[in-house]
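The structure under discussion appears below in the form of structure tokens.
Owing to the predicted nature of the structure, the values given are computational and were not obtained by experimental measurement. Protein chains get the first letters and strands the later ones, always in sequence-line order, with residue 1 at the start of each. Side chains are part of it too, since the values below use all heavy atoms of this structure and drop only hydrogens, waters and symmetry mates.
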Protein chains: 2
Amino acid sequence: AIEIHNLRKVYKVGSEKIVALDNVSLDITPGEICCILGTSGSGKSTLLNLIAGLEKPSKGTIKINGKHIEKMTEKDLARFRQRNIGFVFQSYNLLSSLTAQENVSLPLIFRGIKKQVRDELAADILAAVGLKRHLKHKPTQMSGGQQQRVGIARAFVSKPPVVFADEPTGNLDSRTTLEIMELMLEIAHENHQTLIIVTHDSHVASFADRIIHILDGNIQKIKKKENV
Amino acid sequence: AIEIHNLRKVYKVGSEKIVALDNVSLDITPGEICCILGTSGSGKSTLLNLIAGLEKPSKGTIKINGKHIEKMTEKDLARFRQRNIGFVFQSYNLLSSLTAQENVSLPLIFRGIKKQVRDELAADILAAVGLKRHLKHKPTQMSGGQQQRVGIARAFVSKPPVVFADEPTGNLDSRTTLEIMELMLEIAHENHQTLIIVTHDSHVASFADRIIHILDGNIQKIKKKENV
Ligand SMILES: Nc1ncnc2c1ncn2[C@@H]1O[C@H](COP(=O)(O)OP(=O)(O)OP(=O)(O)O)[C@@H](O)[C@H]1O
Ligand SMILES: Nc1ncnc2c1ncn2[C@@H]1O[C@H](COP(=O)(O)OP(=O)(O)OP(=O)(O)O)[C@@H](O)[C@H]1O
Ligand SMILES: [Mg+2]
Ligand SMILES: [Mg+2]
């Protein structure tokens, strides 16, 4: 499903060069639950952003279901993402002028689904993440963990084949974390979705089929579930 | 140092009323390391914002070092906060047009400290949180956990008597979390600072003298260090 070869990303800050990703190669199979662990600044968000086409690599290739992501135009990338990718951002990226229900409905608008069905699908998934009574709340009227859950709901509502989640439980208590992880896995398994989760939480990592350890922009080691 | 009596906060969302804090009373002694634990949406950020004077309570009183916070004007509150309070926000609240070093220097500008000394103090504390090579980076040029650490550095750089930290390690891996907690405690003890930390992380809570459990806007129980 996802084939990454010799991926490299270098940022320029003034005269300085930051190697955020050095040389990463990785194959992720369809339906896999894959966890990426690593210290703060090790390159996890950069890796996710590159695979999802949100940024361009400095070197290397990314194929999702046979399509070369790094070669696509902005327009094609946008269309490809709308149909194939769900993304839970590390800093939520909700639209502050829209309610929780409206934020979650956005991916469904892109799929041409009519309003009545959109509202219902959005309400259902928001209830599933514990936000039944917050449908009409705007982001500023919600706690940090509630905003994070709206982001998760939005990433899953259209059941895209691939979901990237960048630290989806960083602002959640342990019980809510467990409920959210079970929900994400349930939806992913039911819909044969591939799930790539960046996390610092070992409880979250325990749900994964494979754990990829990143250090200083490189893969340090990979652990399969049985050996973990 | 901090006396809270019958604190209540009700938000209005359309025709709906949200009781974020119901009836909270709490005394925090000078130099205490106090942890607030609770589920997502239980009222932790609301409690912190009220005590720090960032929002007004619906009912109740807050005294910090004898001063009634809930009675102060906006202007007096701003001055009081600049001199007495450091705040680590759940969503960082860094100025995106300023570098890490400039962001951290802000509290020192308010204290009339000249530029050369400011730059040095900011550089020192940024090095202490592991960001020695990111002084000139802007927030968008840093990872989530790096931005979080800039927020922590800013809250401590002027060594205010009280520091509030709203989930300061939510985006940090376990090793960085430990280093940051040890640093915060070291600075706090050295300067007799009172530290009030909201967290979901039990490792963080283990550093506290007292752990306050919040549920649905009320204090559910309090645990002292020996009993934990
Ligand atoms: N400005 C607001 N307007 C309306 N409701 C609000 C507002 N701010 C917070 N709330 C509500 O008050 C309750 C408590 O929010 P608070 O942010 O204090 O929770 P929290 O314990 O910090 O949660 P988290 O762990 O997710 O950060 C939540 O139900 C939230 O939706
Ligand atoms: N736009 C950018 N410009 C310059 N440097 C950047 C940029 N984005 C990220 N970096 C740098 O690249 C490195 C990796 O960043 P990345 O965000 O991928 O880390 P991360 O593993 O997600 O960290 P965290 O766990 O703190 O979120 C960091 O040193 C960061 O400062
Ligand atoms: Mg990150
Ligand atoms: Mg909060």
Side-chain angles (χ1 to χ4, degrees), chain A residues 11-16 18 20 37-46 48-49 89-92 94 99-100 129-131 133-149 166-167 169-177 179-180 198-203 205 213-215, chain B residues 11-16 18 20 37-46 48-49 89-92 94 99-100 129-131 133-149 166-167 169-177 179-180 198-203 205 213-215:
Chain A
Y11 290 108
K12 285 213 189 63
V13 180
S15 58
E16 213 187 331
I18 309 254
L37 280 177
T39 55
S40 173
S42 57
K44 305 179 296 298
S45 295
T46 301
L48 244 59
N49 292 342
F89 293 89
Q90 189 166 5
S91 48
Y92 323 152
L94 303 178
T99 66
V129 298
L131 295 178
R133 284 169 300 144
H134 289 78
L135 301 185
K136 311 300 184 195
H137 289 217
K138 298 209 170 124
T140 48
Q141 295 167 324
M142 289 187 281
S143 77
Q146 289 166 344
Q147 293 177 45
Q148 191 161 40
R149 283 181 271 162
D166 197 346
E167 307 209 25
T169 64
N171 276 295
L172 302 176
D173 55 278
S174 48
R175 194 169 105 199
T176 311
T177 292
E179 294 169 356
I180 290 297
V198 161
T199 186
H200 288 136
D201 191 335
S202 48
H203 295 119
H213 291 262
I214 299 259
L215 181 66
Chain B
Y11 289 108
K12 286 214 187 61
V13 180
S15 58
E16 215 189 330
I18 308 253
L37 279 178
T39 56
S40 174
S42 57
K44 307 178 296 298
S45 295
T46 301
L48 243 61
N49 292 342
F89 294 88
Q90 189 167 4
S91 49
Y92 324 149
L94 302 179
T99 65
V129 298
L131 296 178
R133 284 172 296 145
H134 290 78
L135 300 186
K136 311 300 184 195
H137 288 216
K138 299 208 170 126
T140 49
Q141 295 168 324
M142 290 187 280
S143 77
Q146 290 166 345
Q147 293 177 44
Q148 192 162 38
R149 283 180 271 162
D166 197 346
E167 307 209 23
T169 64
N171 277 295
L172 303 175
D173 54 279
S174 48
R175 194 170 105 199
T176 310
T177 292
E179 294 170 357
I180 290 298
V198 161
T199 187
H200 288 135
D201 190 334
S202 49
H203 295 119
H213 292 263
I214 300 259
L215 182 66

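Here the closest heavy-atom approach between residue A:H134 and residue A:M142 is recorded as CD2-CG, 4.1 Å.
Residue contact with chain B, scored on non-hydrogen atoms closer than 4.5 Å, involves the backbone and the side chain of A:S40 alike. Looking at A:Q148, neither its backbone nor its side chain comes within 4.5 Å of chain B, counting heavy atoms on both sides. With a 4.5 Å cut-off on non-hydrogen atoms, A:L37 does not touch chain B at all. Both the backbone and the side chain of A:Q146 come within contact range of chain B, with heavy atoms under 4.5 Å apart. Proximity to chain B (any heavy atom under 4.5 Å) is shown, for A:T39, by both the backbone and the side chain.
Top candidate by heavy-atom pairs under 4.5 Å with chain A, chosen from B:H137, B:K138, B:Q141, is B:H137. Counting heavy-atom pairs under 4.5 Å between each of B:G144, B:S202, B:G43 and chain A puts B:G144 at the top. Across B:R149, B:Q147, B:R133, B:K136, the residue that shares the most heavy-atom pairs under 4.5 angstrom with chain A is B:R149.
Formation of a donor-acceptor pair under 3.5 Å by the B:Q90 side chain with backbone atoms of B:S45 is not found in this model. A donor-acceptor pair under 3.5 Å is formed between the side chain of B:K44 and the backbone N or O of B:G38. Looking only at distances, no side-chain donor or acceptor of A:T176 sits under 3.5 Å from a matching main-chain atom of A:L172.
The OG atom of B:S91 lies 8.5 Å from the CG atom of B:D166; values are rounded to the nearest 0.5 Å.
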